[in-house]
Amino acid sequence: MDAQLDDKALESTLAESLADLVPDEKTVSEDEFVEVVGGALEAVGGTLLFKMCVKNEGEGQHVAAASVGAGGNRQFLLLTLPTGGGSLKVETVSRSSNPVAGIAAAYAGLMDAFKTAA
C-alpha cells in the first residue's frame, strides 16, 4: 500500500474519532487539549512526544507531536487546535506544513538516544 494513503487513512481515522470531543467555539485550555490528545493517542496506541502553545499565522494554537508504531513502521503525527476553539487538525508530519512538524522526528530520535544511553 502506498505510504501516502496510509498517512491519509491515519489522519482521517484520528480526525473522525476526535470530531465530537472538542467544542467548536470555546477557549481551550492546555489541560483540555492534553486530555483530548491523550484519549486519541490511547485509541491508536500512540505516544505523546511533546506539546506546546505557539502562534501560527497570528493565531494561538495548541500543538502536540506524537508517534504511532515502532521501528521502521513508526509514523509521526502533528495535532493542532486553535486556543480559541475550533476543529482539531490531525496530520502526519510528512504532510504537514506547520513549522513544528520538523521538530517531531528529531525529538523522537533524541529520546531514543537517551533511552539507549540510560
Side-chain angles (χ1 to χ4, degrees):
M1 185 181 287
D2 181 28
Q4 193 80 354
L5 293 175
D6 288 343
D7 288 354
K8 286 181 182 177
L10 183 58
E11 289 172 8
S12 60
T13 299
L14 275 171
E16 286 170 16
S17 69
L18 297 170
D20 297 328
L21 297 176
V22 181
D24 283 338
E25 295 185 23
K26 174 188 174 244
T27 301
V28 180
S29 72
E30 185 175 359
D31 288 343
E32 290 170 318
F33 178 66
V34 169
E35 185 178 324
V36 169
V37 168
L41 293 175
E42 186 177 315
V44 296
T47 303
L48 178 67
L49 298 173
F50 62 84
K51 62 175 175 46
M52 62 178 65
C53 191
V54 298
K55 289 268 188 200
N56 190 15
E57 297 179 7
E59 178 181 74
Q61 185 175 76
H62 294 291
V63 180
S67 66
V68 177
N73 293 325
R74 182 161 59 172
Q75 290 181 290
F76 298 102
L77 301 172
L78 204 62
L79 300 95
T80 56
L81 179 67
T83 55
S87 26
L88 181 69
K89 183 176 182 181
V90 180
E91 55 191 344
T92 56
V93 166
S94 61
R95 291 168 36 93
S96 177
S97 61
N98 190 304
V100 177
I103 301 170
Y107 182 87
L110 182 60
M111 291 300 99
D112 291 346
F114 283 149
K115 284 180 188 173
T116 302

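Sequential numbering from 1 along the given sequence is applied to the chain's residues. None of these values were measured; they are calculated from a predicted model.
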Point to revise | Heavy-atom side-chain proximity of T83 to T27 below 4.5 angstrom | key: no

Please tabulate, one pair per line, all N/O donor-acceptor pairs under 3.5 Å involving side-chain atoms of residues 43-50, not counting sequence neighbours.
none

Review point. Which pairs count as side chain to side chain donor-acceptor pair (under 3.5 Å) when at least one residue sits in residues 28-38, sequence neighbours excluded?
Key: K26-E32, S29-E32, E30-K51

Point to revise | Atom of P82, atom of S87 and distance for their closest heavy-atom approach | key: CD-O, 3.7 Å

**Study point:** Working for side-chain contact (heavy atoms from CB on, under 4.5 Å), residues V100 and L78
**Key:** CA-CA 8 Å; V100 177; L78 204 62; 4.1 Å; yes

Exercise for review: Measure the spacing between CD1 of I103 and CG of L110 and express it to the nearest 0.5 Å.
Suggested key: 12.0 Å

Review point. How many angstroms lie between atom OG of S67 and atom CG of N73, to the nearest 0.5 angstrom?
Key: 12.5 Å

Study note, to complete from the structure: Closest heavy-atom pair, V37 versus A64, reported as atoms and distance to 0.1 Å, is CG1-CB, 4.1 Å

Check your understanding: Side chains of T80 and L88: does their closest heavy-atom pair fall under 4.5 Å?
Key -> no

**Study point:** Common cluster, Y107/V34, ILVMFWY with side-chain heavy-atom separation under 4.5 Å
**Key:** no

Review point. Any side-chain heavy atom of V28 sitting closer than 4.5 Å to one from H62?
Key: yes

Practice item. Side-chain contact test, heavy atoms from C-beta onward, threshold under 4.5 Å: evaluate it for V93 versus L77 and give yes or no. Key: no

Review point. Among side-chain atoms of E91 and S96, is any donor-acceptor pair under 3.5 angstrom?
Key: yes

